[in-house]
Asks: 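Below are the structure tokens for one structure; questions will follow.
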Amino acid sequence: MEAKQIAAELVEALSGLGIELVHAPDAAGWLHPRSAARLSAGAKTLGLVGEVHPDVTEAFELTGLVGVFVLSVDALGELCARQPAAAAL
């Protein structure tokens, strides 16, 4: 499964929390700008996803395309803690 697909499925599963996945070419210098995306809730960044920049893969002597998905469990936990556990009937 590709990193972006995992992130998209996470966004769908957590859609009630207002999380979105947005193309962000300037998200991190180690990500390729064409595929870099930010996982966020409002102004809060929860993670990054995309293809590792070829300069980085070359420096680490990696071959082929390398995808990465970084998630801040702390930021996600803070977001979930602010949500009500149940809705009033």
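Residue numbers run from 1 in the order of the sequence given. Just the heavy atoms: all of them, side chains too, but no hydrogens, waters or symmetry mates, feed the values below.
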Asks: Where the side chain of Ser40 meets the backbone of Ala43, is there a donor-acceptor pair that is under 3.5 Å apart?
Replies: no
Asks: Would a single hydrophobic cluster contain both Leu31 and Val22, if residues Ile, Leu, Val, Met, Phe, Trp and Tyr are joined by side-chain heavy-atom contacts under 4.5 Å?
Replies: no
Asks: Going by the rule side-chain contact (heavy atoms from CB on, under 4.5 Å), which residues pair with Ala27 if we only count those two or more places apart in sequence or in a different chain?
Replies: Ala24, Ala36, Arg38, Leu48
Asks: Heavy atoms only: give me the nearest His23-Pro33 pair and the separation to one decimal.
Replies: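 For His23 versus Pro33, the nearest heavy atoms are NE2-O, 3.0 Å.
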Asks: How about Pro25 and Arg34: do any of their side-chain heavy atoms sit closer than 4.5 Å?
Replies: no
Asks: With salt bridge (Lys or Arg N to Asp or Glu O under 4.0 Å) as the rule and sequence neighbours excluded, what pairs involving residues 53-65 come up?
Replies: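 Every candidate salt bridge (Lys or Arg N to Asp or Glu O under 4.0 Å) pair involving residues 53-65 fails, so no pair, neighbours aside, qualifies.
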Asks: Answer yes or no: is there a donor N or O on one side and an acceptor on the other, between the side chain of Ser35 and the main chain of Glu51, under 3.5 Å?
Replies: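 A pair under 3.5 Å: yes.
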Asks: Is Val56 reachable from Leu62 through a run of hydrophobic residues whose side-chain heavy atoms are each under 4.5 Å from the next?
Replies: yes
Asks: What's the separation between atom CG in Leu21 and atom CG in Leu46, rounded to the nearest 0.5 Å?
Replies: 10.5 Å
Asks: Would you say the side chain of Leu39 lies within less than 4.5 Å of the side chain of Ile19, judging by non-hydrogen atoms?
Replies: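 Yes, side chains in contact.
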Asks: With a 4.5 Å cut-off on side-chain heavy atoms, are Trp30 and Val68 touching?
Replies: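 Answer yes - side chains close enough.
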